[in-house]
K.L.:
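Dumping the structure here so I can ask a few things about it.
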Amino acid sequence: MSKDEKEKKKGGIFQAVKEFVYGVAAHDSARFALKTRASMEHLFILITMGDMLGVPILPPYYSLRLLPYVVPQISTWKRRMLREKDLTDALA
Amino acid sequence: MIRISLSRIFEEYPDRRYIMFGGKGGLGKTTFSAATAYYLAKKGKRVLVFSVDPQASLSDIFKQDIFGKGATEIMPNLYAQEIDADHRVKEYQQEIRQKILDMYGMEQIPDEIESYIQAAAAEPAMEESAIFDEVVDIVVTGGFDYYIYDLVPLGHALYYLSMASVYDAWIDKITNLRTQMREYDQVAATIKREKTLDEDAILNELLYIKDRINKSSSILTDKAKTAFFFVLTGEEMVIKDTVKAAELFAKFDVPLSGYIINRVLPKELINQNIPEYLKNRLTMQEHYLKVIDEQFAGQILASVPEMERDVTGMAMIEKMARAMYGDLS
């Protein structure tokens, strides 16, 4: 086994251990952070684009400026804001 | 009674480059704006007088159609501008549509988004916001020694002023939220050992909006650079409203420079053979001028006589400027 291959193998094991440790210890934290982030994203769209749901919050001139950035989120956001509490919430 | 001369204000405070006339509707804000612009232009200053009123009347007073045409030269050094809010909103909507199409490579705006864009333009605050935004453009672009705001009547002017502080507070809140969101992104990225985050385009957009609003509101409340004059007449309701408005303006930190009395009937008339009606008006005026002197003691800058005809066209504007500032040379 050449020196290079040895290094590579060592790296591979190290990588696997790193991923394992990440999975055990940190994955949940990362998921939690992202989930919180997603809720905040929805809150953010609510306070900028609220008038789409009939909640007028912001003078519209500048809210239009932000519209292009949230186009992809609009439909999921509307669903989330408008749906009633149901079983799927427990699964979320 | 002692009057501080109006022209002295301009001589003593050359840094006050943003000039505003406020007051109830129909008291002569536009007239005073135009006459002041004329006076300063004659003094060799480059002046822009512009209207923030969707129902602007600068075109009428200069007898020249300047609506939506940008800064138009009226005479050497004097430029006037009326903002076409409707046009600006339409252009702006189109800009937003184009941006969405470009960002996502779409052929057509989704119905839901399109109806939102259209609904937003129909909001009552849209026109005012559009004008507000254009004023920022005008002021930021620069190029003039003086900017004279032909303001809207009191109620609207207050709305205009409060908009700056409301916007400001609102933008602060969402910028904070956005910054927090970014921190969560950062946490997730660090835990996952990902490389640096992409720039947050929305946060940048918010900071841009905040910057524009700050520029505008800082001018409106800058004591060193702004002079705000109240226009009033010798009538009970006008005086009462002006007192109230002055208190409200003070709350928004608007730097009040003083008061100008308009439409003062010449006192000499009383000795002439005039009808009862006019006599009554003169007696009433005398009473309320006293009230004004007590109410706004030491802050009255000028009293301007009622003209023999309405002030439109350059000859009458010049006459008005002389009545306000005296010698024009």
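Naming: A, B, ... by sequence-line order, numbering from 1 per chain.
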K.L.:
Give, as side chain, backbone, both or neither, the part of B:Glu95 having an atom under 4.5 angstrom from any heavy atom of chain A.
P.N.:
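Contact with chain A involves no heavy atom of B:Glu95 at all.
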
K.L.:
Could you have a look at B:Glu205, B:Lys99, B:Met181, B:Arg97 and say which one has the most heavy-atom pairs with chain A under 4.5 angstrom?
P.N.:
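It is B:Met181.
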
K.L.:
Anything under 3.5 Å between a donor and an acceptor, one on a side chain of residues 102-109 of chain B, the other on a protein residue two or more places apart or in another chain? List them.
P.N.:
residue: B:Asp102; atom: OD1; partner: B:Gln98; partner atom: NE2; Å: 3.2
residue: B:Tyr104; atom: OH; partner: A:Pro68; partner atom: O; Å: 2.6

K.L.:
Please flag which part of A:Ser29 lies under 4.5 Å from any non-hydrogen atom of chain B: side chain, backbone, both or neither.
P.N.:
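Backbone plus side chain of A:Ser29, per the 4.5 Å heavy-atom cut-off to chain B.
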
K.L.:
Can B:Ser51 and B:Gln81 be counted as having a side-chain donor-acceptor contact under 3.5 angstrom?
P.N.:
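There is no such pair (donor and acceptor under 3.5 Å, judged by atom type) between the side chains of B:Ser51 and B:Gln81.
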
K.L.:
Above 12 or not: heavy atoms from other molecules or residues under 6.0 Å from CZ of B:Phe144?
P.N.:
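Count over threshold, so yes.
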
K.L.:
Go through the structure and list residues passing side chain to side chain contact (heavy atoms under 4.5 Å, CB included) with B:Asp86, not counting sequence neighbours.
P.N.:
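Result, side chain to side chain contact (heavy atoms under 4.5 Å, CB included) vs B:Asp86: B:Asp84, B:Lys90.
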
